[in-house]
Asker: 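Take a look at the following structure, please.
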Amino acid sequence: MAPTAKPAAAKSESKLSLTMTRSFDAPADAVFRAWTDPRQLGRWIGPRSFEAKVVKMEARKGGAYRIALRGESGERHTVQGVYREFAPAKRLVFTWAWLDEAGKPGHESLVTIDLKPTGKKTEMTLRHERFDSQESRDRHDHGWSGSFDKLAEVLAGKPGRR
């Protein structure tokens, strides 16, 4: 099933959001682990042309994470945040801020992952909100779409890109 992206109407530019729903052929606990196990997350997060390494992950409410991504042309990007909610196999909420070249976090957005079992599958809804611009929202739409294609492969037992 292809992801559906629905940019939500917003009262101000700081309220821009993105909602995507995707169905995976895996139980909710496996999808949740893919988000919270550093080895699994590093195999699928980021667009297909990027490799990811989870540098830090304290998978718990109040815990921090940091992910380093490297593109094929050598560009590097790092994102970090803090887990606000942590309900295994149900819900994950965390902040999301890209680091600048000096290693300082930029604008902070918020990501919510809701998991709903549907038979032997799981419906996952991602809501990424509080973007600072429509351009940023659109770039994340592209990034999440590619990531979820790779996540489906990892959940199906394919090796995924390291």
Side-chain angles (χ1 to χ4, degrees), residues 2-8 10 12-22 24 30-86 91-115 124-156 158-162:
T4 55
K6 302 174 203 161
S12 72
E13 290 299 301
S14 66
K15 298 289 185 182
L16 287 170
S17 65
L18 170 69
T19 301
M20 303 177 84
T21 299
R22 178 91 181 236
F24 295 103
V31 178
F32 191 84
R33 272 193 314 276
W35 280 95
T36 58
D37 176 322
R39 290 183 313 163
Q40 288 189 58
L41 185 64
R43 291 172 53 201
W44 66 265
I45 199 156
R48 192 161 300 275
S49 61
F50 280 74
E51 291 187 10
K53 179 180 180 185
V54 177
V55 178
K56 176 180 185 177
M57 181 175 280
E58 300 166 332
R60 59 176 172 75
K61 184 177 179 180
Y65 71 89
R66 180 176 290 162
I67 304 165
L69 296 117
R70 184 175 49 119
E72 289 177 334
S73 62
E75 75 268 28
R76 296 180 183 272
H77 306 278
T78 303
V79 66
Q80 69 179 27
V82 174
Y83 295 104
R84 297 270 176 91
E85 292 182 43
F86 198 89
R91 187 169 223 227
L92 191 61
V93 179
F94 51 93
T95 60
W96 181 272
W98 293 101
L99 304 185
D100 65 17
E101 291 179 10
K104 295 184 181 184
H107 179 82
E108 184 176 272
S109 56
L110 187 70
V111 178
T112 301
I113 306 298
D114 285 308
L115 303 175
M124 180 186 79
T125 300
L126 170 136
R127 180 166 173 83
H128 195 157
E129 55 192 325
R130 302 183 190 166
F131 289 107
D132 59 350
S133 69
Q134 184 172 342
E135 179 185 358
S136 177
R137 180 193 64 197
D138 293 348
R139 283 193 317 265
H140 284 83
D141 180 7
H142 173 75
W144 286 123
S145 292
S147 293
F148 296 161
D149 290 345
K150 293 180 354 185
L151 174 56
E153 293 169 6
V154 168
L155 290 169
K158 296 178 182 173
R161 182 171 190 166
R162 286 200 174 259

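Residue indices begin at 1 and follow the sequence shown. Please read these numbers as outputs of a predicted model, since none were measured by experiment.
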Asker: I'd like to know if the side chain of T95 reaches the main chain of V82, judged simply by a donor and an acceptor atom lying under 3.5 Å from each other, with no hydrogens or angles considered.
Answerer: yes
Asker: Verify whether one side chain among S17 and H128 offers a donor that lies under 3.5 Å from an acceptor in the other.
Answerer: no
Asker: Does the distance from a Lys or Arg side-chain N to an Asp or Glu carboxylate O, for R48 and E153, drop under 4.0 Å?
Answerer: yes
Asker: Verify, without hydrogens or angle tests, whether E58 (side chain) and A64 (backbone) share a donor-acceptor contact under 3.5 angstrom.
Answerer: yes
Asker: When you measure from the side chain of S147 to the backbone N and O of G143, does any donor-acceptor pair fall under 3.5 Å?
Answerer: yes
Asker: Report the residues that fulfil ring-ring contact (aromatic ring centres under 6.0 Å, His included) with H142, sequence neighbours left out, ordered by chain and then residue number.
Answerer: none
Asker: Could you tell me whether R22 and D149 have a side-chain N and a carboxylate O separated by less than 4.0 Å?
Answerer: yes
Asker: Using every non-hydrogen atom in the two residues, find where W44 and K150 come nearest and quote the distance to one decimal.
Answerer: O-CE, 2.9 Å
Asker: Between W98 and H77, do the side chains contain an N or O donor and an N or O acceptor separated by less than 3.5 Å?
Answerer: no
Asker: Classify the ring geometry of Y65 against F94: parallel below 30°, tilted from 30° to 60°, perpendicular beyond 60°.
Answerer: perpendicular
Asker: So which heavy atom on A52 is nearest to which on I67, and how close?
Answerer: CB-CG2, 4.2 Å
Asker: Which heavy-atom pair separates Q40 from A34 by the least distance, and what is that distance?
Answerer: OE1-CA, 3.5 Å
Asker: With side-chain contact (heavy atoms from CB on, under 4.5 Å) as the test, would you mind laying out the steps for R127 and L18 before giving the verdict?
Answerer: CA-CA 6 Å; R127 180 166 173 83; L18 170 69; over 6 Å; no
Asker: Can you sort out the partners of R84 under salt bridge (Lys or Arg N to Asp or Glu O under 4.0 Å), two or more places apart, ordered by chain and number?
Answerer: E108
Asker: Between NZ of K53 and CG of L41, what distance do you get to the nearest 0.5 Å?
Answerer: 13.5 Å
Asker: To check you understand the geometry: which heavy-atom pair defines the closest contact between S136 and F131, and what is its length?
Answerer: OG-CD2, 3.5 Å
Asker: Report yes or no: do S133 and E135 form a side-chain donor-acceptor pair below 3.5 Å?
Answerer: no
Asker: Sequence neighbours left out, what passes ring-ring contact (aromatic ring centres under 6.0 Å, His included) with F24? Give chain and number order.
Answerer: none
